[in-house]
Engineer: 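A single structure is presented below for examination.
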Amino acid sequence: MKINALSLLIFCFFLIGNISVIAQDEFNYDESKVPAYSLPDPFVSQSGKIITNANTWEFVRRPEIITLFEDHVYGQVPKDFDAITFELAGEDKSAMGGQAHLKEVDITVTKNEKQITIRLILFLPNGQTTPSPVFLLINHRNHENIDPTRQVKMDFWPAEKLIERGYAAAAFHVQDVSNDNKDTFKEDILETLYPEQLQMANGMRGLGAWAWGAMRVMDYFERDPQVDASKAGVVGHSRGGKASLWTGAQDTRWAITLSNDSGCGGAAISRRKFGETVKRINTNFPYWFTDNFDKYNDNEDALPIDQHMLISSIAPRAVYVASAVEDEWADPKGEFLSLKIGTRVYRDIFNLPVDLPAQLPAINQPTHLPYVGHHIREGKHNLTAYDWEQFMDFADLLYAR
Ligand code: GCU
(Lines give C-alpha, C1' and ligand atoms only; values in the text may rest on other atoms or scores of the structure.)
Protein backbone atom coordinates (compact mmCIF):
# COMPACT_ATOMS: atom_id res chain seq x y z
CA MET A 1 0.00 0.00 0.00
CA LYS A 2 1.25 3.44 -0.89
CA ILE A 3 1.00 6.12 1.79
CA ASN A 4 0.68 9.51 0.22
CA ALA A 5 1.37 12.81 2.01
CA LEU A 6 -2.33 13.59 2.47
CA SER A 7 -3.20 10.30 4.16
CA LEU A 8 -0.13 10.71 6.40
CA LEU A 9 -1.34 14.17 7.38
CA ILE A 10 -4.86 12.88 8.10
CA PHE A 11 -3.38 10.08 10.19
CA CYS A 12 -1.29 12.60 12.18
CA PHE A 13 -4.35 14.76 12.90
CA PHE A 14 -6.22 11.66 14.02
CA LEU A 15 -3.38 10.74 16.37
CA ILE A 16 -3.01 14.25 17.82
CA GLY A 17 -6.78 14.46 18.36
CA ASN A 18 -6.77 11.21 20.26
CA ILE A 19 -3.72 12.06 22.33
CA SER A 20 -5.33 15.26 23.54
CA VAL A 21 -8.55 13.40 24.37
CA ILE A 22 -6.53 10.91 26.41
CA ALA A 23 -4.62 13.72 28.18
CA GLN A 24 -7.81 15.60 29.08
CA ASP A 25 -9.56 12.47 30.24
CA GLU A 26 -6.75 11.56 32.55
CA PHE A 27 -7.32 14.46 34.99
CA ASN A 28 -10.57 15.54 36.50
CA TYR A 29 -11.66 19.18 36.62
CA ASP A 30 -15.32 18.45 37.13
CA GLU A 31 -16.55 18.82 40.71
CA SER A 32 -19.43 16.42 40.07
CA LYS A 33 -16.90 13.70 39.27
CA VAL A 34 -14.94 13.98 42.51
CA PRO A 35 -15.23 10.50 44.02
CA ALA A 36 -16.88 9.87 47.37
CA TYR A 37 -14.17 9.55 49.99
CA SER A 38 -13.76 9.46 53.74
CA LEU A 39 -10.85 11.13 55.46
CA PRO A 40 -8.71 9.69 58.26
CA ASP A 41 -9.70 11.25 61.58
CA PRO A 42 -7.11 13.55 63.19
CA PHE A 43 -8.84 13.11 66.55
CA VAL A 44 -8.42 9.32 66.83
CA SER A 45 -4.98 7.86 67.61
CA GLN A 46 -3.68 4.74 65.91
CA SER A 47 -4.59 2.70 68.99
CA GLY A 48 -8.16 4.03 68.80
CA LYS A 49 -7.85 6.60 71.60
CA ILE A 50 -10.01 9.69 71.20
CA ILE A 51 -7.88 12.81 71.46
CA THR A 52 -9.60 15.57 73.39
CA ASN A 53 -6.90 17.74 74.93
CA ALA A 54 -3.70 19.57 74.12
CA ASN A 55 -1.58 17.18 76.11
CA THR A 56 -2.56 14.01 74.24
CA TRP A 57 -2.49 15.96 71.00
CA GLU A 58 1.09 17.17 71.61
CA PHE A 59 2.50 13.94 72.98
CA VAL A 60 0.49 11.22 71.24
CA ARG A 61 -1.38 12.21 68.12
CA ARG A 62 0.78 14.93 66.57
CA PRO A 63 3.99 12.81 66.76
CA GLU A 64 2.04 9.90 65.22
CA ILE A 65 0.85 12.10 62.36
CA ILE A 66 4.36 13.41 61.68
CA THR A 67 5.69 9.83 61.57
CA LEU A 68 2.93 8.84 59.15
CA PHE A 69 3.87 11.71 56.83
CA GLU A 70 7.53 10.71 57.11
CA ASP A 71 6.85 7.07 56.36
CA HIS A 72 4.31 7.48 53.57
CA VAL A 73 4.75 10.87 51.94
CA TYR A 74 7.86 13.01 52.46
CA GLY A 75 10.40 10.76 54.19
CA GLN A 76 12.37 11.42 57.33
CA VAL A 77 14.12 14.71 57.96
CA PRO A 78 17.30 13.92 59.90
CA LYS A 79 18.24 16.60 62.39
CA ASP A 80 21.66 15.29 63.45
CA PHE A 81 24.88 16.94 62.33
CA ASP A 82 28.23 17.71 63.96
CA ALA A 83 28.45 21.48 63.57
CA ILE A 84 26.71 24.50 62.14
CA THR A 85 28.48 27.80 61.49
CA PHE A 86 27.26 31.16 60.23
CA GLU A 87 29.58 33.40 58.28
CA LEU A 88 28.80 36.86 56.99
CA ALA A 89 29.79 36.56 53.35
CA GLY A 90 28.58 40.01 52.32
CA GLU A 91 27.00 43.04 53.94
CA ASP A 92 25.57 46.41 52.96
CA LYS A 93 24.26 48.51 55.81
CA SER A 94 22.53 50.94 53.49
CA ALA A 95 20.94 48.70 50.89
CA MET A 96 17.70 49.71 49.13
CA GLY A 97 18.67 53.38 49.21
CA GLY A 98 19.37 53.26 52.93
CA GLN A 99 16.11 51.53 53.88
CA ALA A 100 17.64 48.15 54.64
CA HIS A 101 20.64 46.32 56.01
CA LEU A 102 21.63 43.44 53.73
CA LYS A 103 23.36 40.42 55.15
CA GLU A 104 24.45 37.49 53.00
CA VAL A 105 25.06 34.66 55.40
CA ASP A 106 26.72 31.35 54.63
CA ILE A 107 25.19 28.66 56.81
CA THR A 108 27.59 25.72 56.78
CA VAL A 109 26.58 22.36 58.20
CA THR A 110 29.22 19.67 58.86
CA LYS A 111 28.66 15.96 59.37
CA ASN A 112 31.36 13.29 59.26
CA GLU A 113 33.81 15.95 58.06
CA LYS A 114 31.67 16.72 55.04
CA GLN A 115 29.97 20.05 54.54
CA ILE A 116 27.27 21.85 52.68
CA THR A 117 26.59 25.58 52.65
CA ILE A 118 23.29 27.44 52.29
CA ARG A 119 23.52 31.08 51.21
CA LEU A 120 20.89 33.10 53.06
CA ILE A 121 19.90 36.48 51.64
CA LEU A 122 18.54 38.68 54.43
CA PHE A 123 17.35 42.29 54.27
CA LEU A 124 16.57 43.91 57.64
CA PRO A 125 14.60 47.15 57.92
CA ASN A 126 16.81 50.01 59.11
CA GLY A 127 15.84 52.29 61.96
CA GLN A 128 14.12 49.61 64.07
CA THR A 129 14.61 49.67 67.80
CA THR A 130 13.46 46.10 68.29
CA PRO A 131 14.31 42.86 66.45
CA SER A 132 12.34 42.49 63.21
CA PRO A 133 9.70 39.91 62.41
CA VAL A 134 10.74 37.99 59.29
CA PHE A 135 9.39 36.08 56.29
CA LEU A 136 11.59 33.39 54.75
CA LEU A 137 10.93 32.38 51.15
CA ILE A 138 11.94 28.88 50.05
CA ASN A 139 12.85 29.83 46.48
CA HIS A 140 12.77 27.14 43.78
CA ARG A 141 12.63 29.54 40.83
CA ASN A 142 15.56 31.35 39.16
CA HIS A 143 18.11 32.97 41.41
CA GLU A 144 17.16 36.37 39.98
CA ASN A 145 13.93 36.18 42.00
CA ILE A 146 15.96 36.74 45.16
CA ASP A 147 18.59 39.07 43.71
CA PRO A 148 20.60 40.55 46.63
CA THR A 149 21.76 43.46 44.44
CA ARG A 150 18.12 44.40 43.69
CA GLN A 151 19.02 45.15 40.10
CA VAL A 152 16.27 42.64 39.35
CA LYS A 153 13.07 43.04 41.36
CA MET A 154 10.34 40.44 41.09
CA ASP A 155 6.90 40.28 42.71
CA PHE A 156 7.76 36.68 43.57
CA TRP A 157 9.83 38.12 46.44
CA PRO A 158 8.93 41.82 46.87
CA ALA A 159 11.69 42.50 49.39
CA GLU A 160 11.27 46.31 49.21
CA LYS A 161 7.59 46.03 50.16
CA LEU A 162 8.39 43.76 53.09
CA ILE A 163 10.98 46.26 54.33
CA GLU A 164 8.53 49.16 53.95
CA ARG A 165 6.12 47.33 56.23
CA GLY A 166 8.73 46.62 58.88
CA TYR A 167 9.42 42.98 58.02
CA ALA A 168 12.80 41.44 57.36
CA ALA A 169 12.90 39.70 53.96
CA ALA A 170 14.84 36.43 53.87
CA ALA A 171 15.29 33.84 51.13
CA PHE A 172 17.44 30.89 50.15
CA HIS A 173 17.59 28.83 46.97
CA VAL A 174 16.62 25.14 47.15
CA GLN A 175 19.58 24.26 44.95
CA ASP A 176 21.89 24.81 47.92
CA VAL A 177 20.32 21.81 49.68
CA SER A 178 18.91 19.65 46.90
CA ASN A 179 18.72 20.59 43.26
CA ASP A 180 15.21 20.55 41.81
CA ASN A 181 16.13 17.94 39.24
CA LYS A 182 15.50 14.23 39.16
CA ASP A 183 19.04 13.38 38.08
CA THR A 184 20.99 15.68 40.39
CA PHE A 185 18.80 16.08 43.48
CA LYS A 186 21.05 13.69 45.44
CA GLU A 187 24.21 15.65 44.93
CA ASP A 188 23.83 18.08 47.79
CA ILE A 189 22.80 17.15 51.33
CA LEU A 190 21.66 13.65 50.46
CA GLU A 191 24.93 12.27 49.13
CA THR A 192 27.10 14.54 51.25
CA LEU A 193 25.51 14.47 54.69
CA TYR A 194 22.82 11.80 54.77
CA PRO A 195 23.62 9.08 52.18
CA GLU A 196 21.87 6.41 54.28
CA GLN A 197 18.55 8.18 53.59
CA LEU A 198 18.85 7.29 49.91
CA GLN A 199 18.68 3.58 50.76
CA MET A 200 15.48 3.92 52.78
CA ALA A 201 11.94 3.54 51.43
CA ASN A 202 10.99 6.27 53.93
CA GLY A 203 14.16 8.29 53.44
CA MET A 204 14.44 12.00 52.79
CA ARG A 205 14.04 13.26 49.22
CA GLY A 206 13.77 16.71 47.65
CA LEU A 207 10.90 18.32 49.57
CA GLY A 208 12.27 17.04 52.88
CA ALA A 209 15.69 18.44 52.01
CA TRP A 210 14.20 21.87 51.32
CA ALA A 211 12.36 21.76 54.65
CA TRP A 212 15.66 20.83 56.31
CA GLY A 213 17.21 23.91 54.68
CA ALA A 214 14.48 26.17 56.07
CA MET A 215 15.13 24.73 59.54
CA ARG A 216 18.83 25.59 59.30
CA VAL A 217 17.86 29.14 58.38
CA MET A 218 15.74 29.21 61.55
CA ASP A 219 18.85 28.07 63.47
CA TYR A 220 20.46 31.24 62.15
CA PHE A 221 17.47 33.48 62.94
CA GLU A 222 17.67 32.32 66.55
CA ARG A 223 21.22 33.66 66.75
CA ASP A 224 20.82 37.02 65.00
CA PRO A 225 19.81 39.72 67.51
CA GLN A 226 18.32 41.83 64.71
CA VAL A 227 15.78 39.09 63.91
CA ASP A 228 12.77 38.26 66.08
CA ALA A 229 12.84 34.50 65.62
CA SER A 230 9.59 34.18 67.57
CA LYS A 231 7.88 36.08 64.74
CA ALA A 232 9.06 34.15 61.71
CA GLY A 233 6.96 32.99 58.77
CA VAL A 234 8.01 30.35 56.27
CA VAL A 235 6.61 30.89 52.76
CA GLY A 236 6.68 28.71 49.67
CA HIS A 237 4.95 28.72 46.32
CA SER A 238 3.76 25.53 44.65
CA ARG A 239 6.49 22.91 45.18
CA GLY A 240 8.01 25.39 47.64
CA GLY A 241 4.58 25.59 49.35
CA LYS A 242 4.58 21.81 49.81
CA ALA A 243 8.00 22.19 51.46
CA SER A 244 6.88 25.11 53.66
CA LEU A 245 3.92 23.10 54.99
CA TRP A 246 6.21 20.17 55.74
CA THR A 247 8.59 22.59 57.50
CA GLY A 248 5.90 24.16 59.69
CA ALA A 249 4.35 20.79 60.49
CA GLN A 250 7.59 19.49 61.98
CA ASP A 251 9.41 22.52 63.29
CA THR A 252 7.44 24.30 66.00
CA ARG A 253 9.70 27.37 65.95
CA TRP A 254 7.81 28.97 63.04
CA ALA A 255 5.06 31.37 64.09
CA ILE A 256 3.35 31.22 60.68
CA THR A 257 3.43 28.60 57.94
CA LEU A 258 2.31 29.97 54.58
CA SER A 259 1.65 27.97 51.42
CA ASN A 260 0.75 29.46 48.08
CA ASP A 261 -0.81 27.33 45.31
CA SER A 262 0.75 24.25 46.92
CA GLY A 263 -1.72 21.75 45.42
CA CYS A 264 -1.13 18.00 45.34
CA GLY A 265 1.27 16.91 48.09
CA GLY A 266 0.75 20.38 49.63
CA ALA A 267 -2.54 21.67 51.00
CA ALA A 268 -4.92 19.87 48.59
CA ILE A 269 -6.81 16.77 49.71
CA SER A 270 -5.29 13.85 47.74
CA ARG A 271 -8.45 11.75 47.85
CA ARG A 272 -10.34 14.31 45.75
CA LYS A 273 -8.16 13.51 42.72
CA PHE A 274 -9.06 16.90 41.30
CA GLY A 275 -6.39 18.25 38.95
CA GLU A 276 -3.01 16.75 39.74
CA THR A 277 -3.10 13.26 41.25
CA VAL A 278 -0.71 11.29 43.43
CA LYS A 279 0.17 9.06 40.48
CA ARG A 280 0.91 11.99 38.23
CA ILE A 281 3.10 13.78 40.76
CA ASN A 282 5.01 10.60 41.57
CA THR A 283 5.55 9.99 37.87
CA ASN A 284 6.78 13.47 37.01
CA PHE A 285 8.54 14.35 40.25
CA PRO A 286 9.57 11.04 41.87
CA TYR A 287 12.47 12.75 43.63
CA TRP A 288 10.25 15.09 45.69
CA PHE A 289 8.63 12.39 47.81
CA THR A 290 9.80 9.31 49.63
CA ASP A 291 9.65 5.99 47.74
CA ASN A 292 6.72 4.68 49.79
CA PHE A 293 4.46 7.40 48.37
CA ASP A 294 4.35 5.39 45.11
CA LYS A 295 2.12 2.84 46.86
CA TYR A 296 -0.69 5.36 46.71
CA ASN A 297 -0.70 5.86 42.94
CA ASP A 298 -4.34 5.30 41.94
CA ASN A 299 -4.76 4.19 45.55
CA GLU A 300 -5.30 7.39 47.54
CA ASP A 301 -7.93 5.84 49.80
CA ALA A 302 -5.25 3.62 51.31
CA LEU A 303 -3.25 6.60 52.59
CA PRO A 304 -3.23 6.57 56.42
CA ILE A 305 -3.33 10.38 56.36
CA ASP A 306 -4.56 13.08 54.01
CA GLN A 307 -3.27 16.62 53.66
CA HIS A 308 -5.75 18.10 56.17
CA MET A 309 -3.66 16.35 58.82
CA LEU A 310 -0.55 18.18 57.68
CA ILE A 311 -2.46 21.39 58.47
CA SER A 312 -3.57 19.95 61.83
CA SER A 313 -0.02 19.17 62.82
CA ILE A 314 0.89 22.87 62.55
CA ALA A 315 -1.61 23.71 65.34
CA PRO A 316 -1.68 25.83 67.39
CA ARG A 317 0.78 27.93 65.37
CA ALA A 318 -0.65 30.08 62.60
CA VAL A 319 -1.26 28.65 59.14
CA TYR A 320 -2.13 30.33 55.84
CA VAL A 321 -3.34 28.66 52.65
CA ALA A 322 -3.47 30.78 49.48
CA SER A 323 -4.91 29.73 46.12
CA ALA A 324 -5.53 31.19 42.67
CA VAL A 325 -8.81 30.68 40.88
CA GLU A 326 -7.29 29.73 37.53
CA ASP A 327 -4.93 27.26 39.16
CA GLU A 328 -7.23 24.27 38.89
CA TRP A 329 -4.28 21.89 38.66
CA ALA A 330 -3.67 22.68 42.36
CA ASP A 331 -7.36 22.21 43.30
CA PRO A 332 -8.23 25.44 45.16
CA LYS A 333 -11.34 23.86 46.66
CA GLY A 334 -9.33 20.89 47.94
CA GLU A 335 -6.79 23.31 49.41
CA PHE A 336 -9.55 25.17 51.23
CA LEU A 337 -11.25 21.99 52.50
CA SER A 338 -7.99 20.77 53.88
CA LEU A 339 -7.60 24.04 55.80
CA LYS A 340 -11.20 23.98 56.95
CA ILE A 341 -11.11 20.38 58.18
CA GLY A 342 -7.51 20.43 59.41
CA THR A 343 -8.02 23.53 61.56
CA ARG A 344 -10.76 21.85 63.62
CA VAL A 345 -7.84 20.85 65.80
CA TYR A 346 -7.19 24.54 66.51
CA ARG A 347 -10.77 24.96 67.62
CA ASP A 348 -11.50 21.69 69.40
CA ILE A 349 -8.13 21.04 71.01
CA PHE A 350 -6.68 24.51 71.47
CA ASN A 351 -9.90 26.52 71.90
CA LEU A 352 -8.87 29.05 69.27
CA PRO A 353 -11.67 31.00 67.58
CA VAL A 354 -11.24 29.37 64.20
CA ASP A 355 -14.37 29.16 62.14
CA LEU A 356 -13.84 29.25 58.42
CA PRO A 357 -16.80 29.73 56.08
CA ALA A 358 -18.58 26.56 55.01
CA GLN A 359 -17.93 27.20 51.31
CA LEU A 360 -14.86 28.25 49.38
CA PRO A 361 -14.78 32.05 49.94
CA ALA A 362 -15.26 34.52 47.10
CA ILE A 363 -12.35 35.63 44.92
CA ASN A 364 -10.15 38.39 46.37
CA GLN A 365 -11.99 38.25 49.72
CA PRO A 366 -9.36 37.09 52.20
CA THR A 367 -10.38 35.44 55.46
CA HIS A 368 -7.96 36.48 58.20
CA LEU A 369 -8.88 34.84 61.49
CA PRO A 370 -6.60 34.74 64.44
CA TYR A 371 -4.19 31.87 63.61
CA VAL A 372 -5.74 30.88 60.26
CA GLY A 373 -5.61 32.73 56.98
CA HIS A 374 -6.96 32.01 53.52
CA HIS A 375 -7.48 33.72 50.22
CA ILE A 376 -8.28 32.75 46.68
CA ARG A 377 -7.23 35.46 44.30
CA GLU A 378 -8.02 36.05 40.67
CA GLY A 379 -5.48 34.87 38.12
CA LYS A 380 -3.07 32.07 37.53
CA HIS A 381 -0.57 29.89 39.31
CA ASN A 382 2.05 32.29 40.67
CA LEU A 383 3.23 34.08 43.80
CA THR A 384 2.25 37.71 43.38
CA ALA A 385 2.41 41.07 45.14
CA TYR A 386 -1.25 40.56 46.09
CA ASP A 387 -0.42 37.28 47.85
CA TRP A 388 2.40 38.91 49.81
CA GLU A 389 0.17 41.84 50.85
CA GLN A 390 -2.32 39.39 52.32
CA PHE A 391 0.47 37.51 54.12
CA MET A 392 1.68 40.76 55.70
CA ASP A 393 -1.85 41.88 56.66
CA PHE A 394 -2.38 38.52 58.33
CA ALA A 395 0.95 38.74 60.19
CA ASP A 396 0.19 42.34 61.28
CA LEU A 397 -3.00 41.10 62.92
CA LEU A 398 -1.38 38.07 64.51
CA TYR A 399 1.58 39.94 65.95
CA ALA A 400 -0.58 42.83 67.20
CA ARG A 401 -2.48 40.44 69.46
C1 GCU B 1 4.06 21.24 38.56
C2 GCU B 1 3.65 20.19 39.56
C3 GCU B 1 3.01 20.81 40.80
C4 GCU B 1 3.89 21.90 41.36
C5 GCU B 1 4.20 22.90 40.26
C6 GCU B 1 5.15 24.02 40.69
O7 GCU B 1 2.92 21.80 37.99
O8 GCU B 1 2.80 19.29 38.92
O9 GCU B 1 2.80 19.83 41.79
O10 GCU B 1 3.26 22.49 42.46
O11 GCU B 1 4.82 22.23 39.19
O12 GCU B 1 5.97 23.83 41.58
O13 GCU B 1 5.06 25.10 40.08
Side-chain angles (χ1 to χ4, degrees), residues 23-24 26-29 69 72-75 136-146 154-157 171-175 177-185 205-211 213-214 234-249 257-290 293-294 296-298 300 303 306-307 310-311 320-336 338-339 376-377 379-384 386-388:
Q24 277 165 14
E26 208 184 330
F27 302 104
N28 178 40
Y29 295 105
F69 276 105
H72 301 273
V73 185
Y74 306 108
L136 171 70
L137 174 69
I138 300 175
N139 178 36
H140 69 276
R141 288 205 180 159
N142 291 344
H143 278 89
E144 64 174 12
N145 283 285
I146 55 170
M154 312 280 267
D155 281 352
F156 196 73
W157 188 56
F172 74 99
H173 199 283
V174 299
Q175 201 179 359
V177 272
S178 173
N179 202 13
D180 188 15
N181 177 300
K182 74 173 173 349
D183 301 318
T184 58
F185 77 97
R205 300 292 181 267
L207 295 177
W210 303 348
V234 58
V235 182
H237 165 67
S238 207
R239 62 199 74 186
K242 307 180 209 292
S244 72
L245 289 171
W246 183 222
T247 305
T257 301
L258 306 103
S259 69
N260 191 71
D261 304 353
S262 61
C264 181
I269 299 279
S270 301
R271 280 167 172 78
R272 279 173 47 82
K273 300 184 224 179
F274 189 102
E276 187 169 27
T277 60
V278 169
K279 181 178 177 187
R280 165 67 191 242
I281 207 166
N282 277 327
T283 307
N284 276 13
F285 303 100
Y287 61 102
W288 286 353
F289 300 92
T290 203
F293 197 39
D294 285 349
Y296 305 100
N297 292 347
D298 287 331
E300 288 85 351
L303 275 162
D306 210 314
Q307 299 305 113
L310 192 63
I311 304 281
Y320 199 115
V321 169
S323 305
V325 72
E326 289 177 47
D327 185 19
E328 291 210 282
W329 184 238
D331 185 13
K333 182 168 176 191
E335 293 176 320
F336 173 73
S338 189
L339 185 70
I376 174 164
R377 65 158 166 77
K380 296 192 194 319
H381 184 75
N382 199 2
L383 178 58
T384 68
Y386 176 89
D387 296 313
W388 281 102

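Quick note: numbers below take in every heavy atom, side chains included, and nothing from hydrogens, waters or symmetry partners. We count ligands from 1, going down the list as the structure has it; atoms in each ligand are counted the same way. All values derive from a computational prediction rather than experimental measurement.
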Engineer: Provide, to 0.1 Å, the distance between atom 7 (O) of ligand 1 and the closest protein heavy atom, together with that atom's residue and name.
Structural biologist: Trp329 NE1, 3.2 Å

Engineer: I need the single residue from His72, Arg271, Lys279 that forms a side chain to side chain donor-acceptor pair (under 3.5 Å) with Tyr296. Which is it?
Structural biologist: His72

Engineer: For atom 10 (O) of ligand 1, which of the options Gly265, Gly263, Gly275, Ser238 provides the nearest non-hydrogen atom?
Structural biologist: Ser238

Engineer: Before giving the answer on side chain to side chain donor-acceptor pair (under 3.5 Å), spell out for Arg377 and Asn382 the whole-Å C-alpha distance, their side-chain angles and the decisive distance to 0.1 Å.
Structural biologist: CA-CA 10 Å; Arg377 65 158 166 77; Asn382 199 2; 5.9 Å; no

Engineer: Any idea which of Glu276, His140, Arg141 brings a heavy atom closest to atom 3 (C) of ligand 1?
Structural biologist: Glu276

Engineer: According to the interplanar angle, ranging from 0 to 90°, do the rings of Tyr74 and Phe69 count as parallel (below 30°), tilted (30 to 60°) or perpendicular (above 60°)?
Structural biologist: parallel

Engineer: Counting heavy atoms only, which part of His237 comes closer than 4.0 Å to ligand 1: side chain, backbone, both or neither?
Structural biologist: neither

Engineer: Number the atoms of ligand 1 from 1 as they appear, then name those within less than 4.0 Å of a heavy atom of Phe285, with their elements.
Structural biologist: 1 (C), 2 (C), 8 (O)

Engineer: Provide the number and element of each atom of ligand 1 under 4.0 Å from a heavy atom of Lys242.
Structural biologist: 3 (C), 4 (C), 9 (O), 10 (O)

Engineer: For the ring pair Phe27 and Trp329, is the centre-to-centre distance below 6.0 Å?
Structural biologist: yes

Engineer: Can you say whether the rings of Trp288 and Phe285 are parallel (under 30°), tilted (30 to 60°) or perpendicular (over 60°)?
Structural biologist: parallel

Engineer: Using the test ring-ring contact (aromatic ring centres under 6.0 Å, His included), find all partners of Phe336 that sit at least two apart in sequence or belong to another chain.
Structural biologist: His374

Engineer: If we set the cut-off at 4.0 Å for heavy atoms, which region of Ile281 has an atom near ligand 1: side chain, backbone, both, or neither?
Structural biologist: side chain

Engineer: Among protein heavy atoms, which sits nearest to atom 11 (O) of ligand 1, and what does the distance come to when rounded to 0.1 Å?
Structural biologist: Arg239 NH2, 2.9 Å

Engineer: Can you list everything that forms a ring-ring contact (aromatic ring centres under 6.0 Å, His included) with His140? Sequence neighbours excluded, please.
Structural biologist: none

Engineer: At under 4.0 Å between heavy atoms, which part of His381 makes contact with ligand 1: side chain, backbone, both or neither?
Structural biologist: side chain

Engineer: Taking the non-hydrogen atoms of Arg280, is any one of them nearer than 4.0 angstrom to ligand 1?
Structural biologist: no

